[in-house]
Protein chains: 2
Amino acid sequence: MSNDTPHTAPNPLQQLDNQLCFPLYALSRMVTKAYQPLLQELDLTYPQYLVFLLLWEHQELTVKELGDKLLLDSGTLTPLLKRLEQKHWISRRRDPRDERSVIIGLLPAGRALQERACKVPEQVFAQLDMSPTEFEALRQQLRHLLTHLA
Amino acid sequence: MSNDTPHTAPNPLQQLDNQLCFPLYALSRMVTKAYQPLLQELDLTYPQYLVFLLLWEHQELTVKELGDKLLLDSGTLTPLLKRLEQKHWISRRRDPRDERSVIIGLLPAGRALQERACKVPEQVFAQLDMSPTEFEALRQQLRHLLTHLA
DNA sequence: AAAAAATTAATTGCACACAATTAAACATTA
DNA sequence: TAATGTTTAATTGTGTGCAATTAATTTTTT
């Protein structure tokens with residue numbers, strides 16, 4: 001132990017390689033990047049794509065419902081949805097039965113995107129180099145953690 | 001099949017619940033949120049904390065090396081590092097042997113943060129409700145995917 | 001019904017992320 | 001060595017994320 005190393009002894013728990021959080025954070029961004037060239041063809045960002053996945057499934061959802069499902073708040077969703085509205089892909093209107101809520105609906109151009117996007121999931125999966133079994137196991141483990149933390 | 005449902009038949013691969021990307025994206029944000037109250041005490045954001053994890057381990061790193069390890073580019077790192085410099089936690093100087101590189105070093109106040117942060121990993125782990133075995137398995141699986149994708 | 005509490009979006013301000021471009025320094029090649 | 005190409009940060013512009021606040025509406029309580 002020479003005294004030209006005055007810094008604290010390394011704490012293994014404080015090393016990046018031993019963190020769970022970092023691979024989660026980095027992998028999430030890398031997967032988003034894997035989507036990017038495919039989504040660019042559709043003029044969509046990744047969070048915008050997630051909104052459409054929900055709208056293609058449910059036709060109409062309030063901002064609240066979108067936020068609950070995506071774990072995003074109005075500070076993120078409101079400007080994102082306004083950009084989609086400007087492109088005439090979605091509609092935004094107050095719920096007449098509860099004027100607090102804003103209902104997001106699909107416009108024809110937004111619905112038409114679904115067909116163009118249908119190949120996206122398998123194309124990303126192909127880049128992942130995972131067996132369907134591994135894929136399913138990891139998906140369930142992540143979802144389990146998510147429900148425990150959210 | 002009634003004709004008041006003019007929309008396309010749902011594609012299972014286009015349902016949010018069947019995606020791997022979404023739990024990854026959402027869990028990553030939730031885990032970052034779990035760090036937030038702990039890091040707030042240190043006046044740190046999560047990506048700033050990651051920078052310090054590396055600096056506590058290596059004392060000095062170039063912006064390039066930080067970017068390679070964190071998978072972040074200068075567009076993200078430069079302003080982040082300038083904020084840390086303004087707090088007198090790190091130093092930024094050109095490498096005299098290669099004036100293209102900027103060397104990031106720890107200042108005393110930045111080094112002193114390590115001790116205050118040493119409990120953070122275990123406190124976050126406690127919130128995760130996972131066995132160490134599960135933790136380790138997931139960590140390695142995520143790292144494996146990351147190296148395949150990055 | 002009136003007052004208080006809760007719910008829903010929007011807004012504001014700050015900090016990432018990242019694509020694309022620029023500029024400086026260094027390396028390689030003709 | 002001069003020209004070309006590469007590497008490294010910084011810059012610019014757009015789009016999230018999110019904490020905190022605000023404003024309008026609805027619900028609950030008194």
Side-chain angles (χ1 to χ4, degrees), chain A residues 21-22 25-51 61-87 90 92-104 150, chain B residues 21-22 25-37 39-41 43-51 61-87 90 92-104 150:
Chain A
C21 60
F22 173 67
Y25 160 79
L27 185 60
S28 172
R29 287 185 293 114
M30 290 304 106
V31 171
T32 300
K33 250 183 227 177
Y35 277 89
Q36 203 272 336
L38 304 171
L39 295 181
Q40 192 170 30
E41 308 251 327
L42 309 175
D43 196 18
L44 278 176
T45 67
Y46 179 69
Q48 289 169 4
Y49 171 69
L50 294 179
V51 167
L61 289 166
T62 65
V63 174
K64 173 80 165 85
E65 290 167 330
L66 283 170
D68 286 347
K69 288 175 189 291
L70 297 175
L71 307 179
L72 291 171
D73 72 6
S74 66
T76 301
L77 285 174
T78 298
L80 184 156
L81 295 169
K82 284 186 176 174
R83 282 188 278 273
L84 298 180
E85 185 188 33
Q86 278 175 5
K87 293 182 176 173
I90 65 164
R92 294 166 70 244
R93 59 190 166 83
R94 293 278 165 183
D95 183 341
R97 287 169 312 174
D98 183 344
E99 292 279 344
R100 291 171 303 181
S101 294
V102 169
I103 298 175
I104 306 300
Chain B
C21 61
F22 173 68
Y25 160 80
L27 184 60
S28 172
R29 288 184 293 113
M30 289 305 106
V31 170
T32 300
K33 250 184 226 175
Y35 276 89
Q36 203 270 338
L39 296 181
Q40 191 170 32
E41 307 252 326
D43 196 17
L44 278 176
T45 67
Y46 180 70
Q48 290 169 4
Y49 171 69
L50 293 179
V51 167
L61 289 167
T62 64
V63 174
K64 173 80 166 85
E65 289 167 331
L66 283 170
D68 286 347
K69 288 175 189 292
L70 297 174
L71 307 179
L72 292 171
D73 71 6
S74 66
T76 302
L77 286 173
T78 297
L80 184 157
L81 294 169
K82 283 185 176 174
R83 282 187 281 273
L84 299 180
E85 186 187 33
Q86 278 176 4
K87 293 182 177 175
I90 65 163
R92 295 166 70 243
R93 60 189 165 83
R94 292 280 165 181
D95 184 341
R97 289 169 311 174
D98 184 344
E99 292 279 344
R100 290 171 302 182
S101 294
V102 169
I103 298 175
I104 306 300

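Within every chain, numbering begins at 1; the chains are lettered A, B, ... in the order of the sequence lines, protein sequences first and strands thereafter.
For Q48(B), taking side-chain heavy atoms from C-beta onward, the closest of the listed nucleotides dA15(C), dA17(C), dA9(D) is dA15(C). Out of dT11(D), dC26(C), dA15(C), the shortest distance to the side chain of T45(B) is found at dA15(C). Among the nucleotides dC18(D), dT26(D), dA9(D), the one closest to the side chain of K33(B) is dC18(D). In the set dT11(C), dG17(D), dA10(D), dT11(C) carries the atom at the smallest distance from any side-chain atom of T78(A). Side chain of R100(B), nearest nucleotide from dT7(D), dA9(C), dG17(D): dT7(D). Residue R83(A) places its side chain closer to dT16(D) than to any other of dA9(C), dA19(C), dT16(D).
T32(A) comes within contact range of no nucleotide atom at all, as no heavy-atom separation falls under 4.0 Å. Within 4.0 Å (heavy atoms only), D73(A) reaches at least one base atom of the nucleic acid. Within 4.0 Å (heavy atoms only), S74(A) reaches at least one base atom of the nucleic acid. As judged by a 4.0 angstrom heavy-atom cut-off over every strand, L80(B) is placed among residues touching the sugar-phosphate backbone only. Heavy atoms of T76(B) sit under 4.0 angstrom from at least one base atom.
Side-chain N/O atoms of Y25(A) include one lying less than 4.0 angstrom from OP1 or OP2 on dA17(C). Remark: K82(B) is not in phosphate contact with dC16(C), judged by side-chain N or O atoms under 4.0 Å from OP1 or OP2. For the OP1/OP2 pair of dG17(D) and a distance below 4.0 Å, the side-chain nitrogens and oxygens of Y46(B) include no atom meeting the criterion. Considering only side-chain N and O atoms, Q40(B) lies nowhere under 4.0 angstrom from the phosphate OP1 or OP2 of dA19(D). One finds a side-chain N or O of R92(A) lying less than 4.0 angstrom from the OP1 or OP2 phosphate oxygen of dA10(C).
Among residues two or more places apart in sequence or in another chain, the salt bridge (Lys or Arg N to Asp or Glu O under 4.0 Å) test is passed with R100(A) by D98(A).
Across the protein-nucleic acid pair, I104(B) atom CD1 and dT8(D) atom P stand 15 Å apart, rounded to whole Å. The CZ atom of R94(B) sits 17 Å away from the P atom of dT7(D) (whole-angstrom rounding).
Without hydrogens or angle criteria, D73(A) side chain to T76(A) main chain gives a donor-acceptor distance under 3.5 Å.
Ion pair R94(A)/E99(A) not flagged as a salt bridge, since none of the NZ, NE, NH1 or NH2 atoms sits closer than 4.0 Å to an Asp/Glu carboxylate oxygen.
Relative orientation of the Y35(A) and Y46(A) rings is tilted, given thresholds of 30° and 60° on the angle between their planes.
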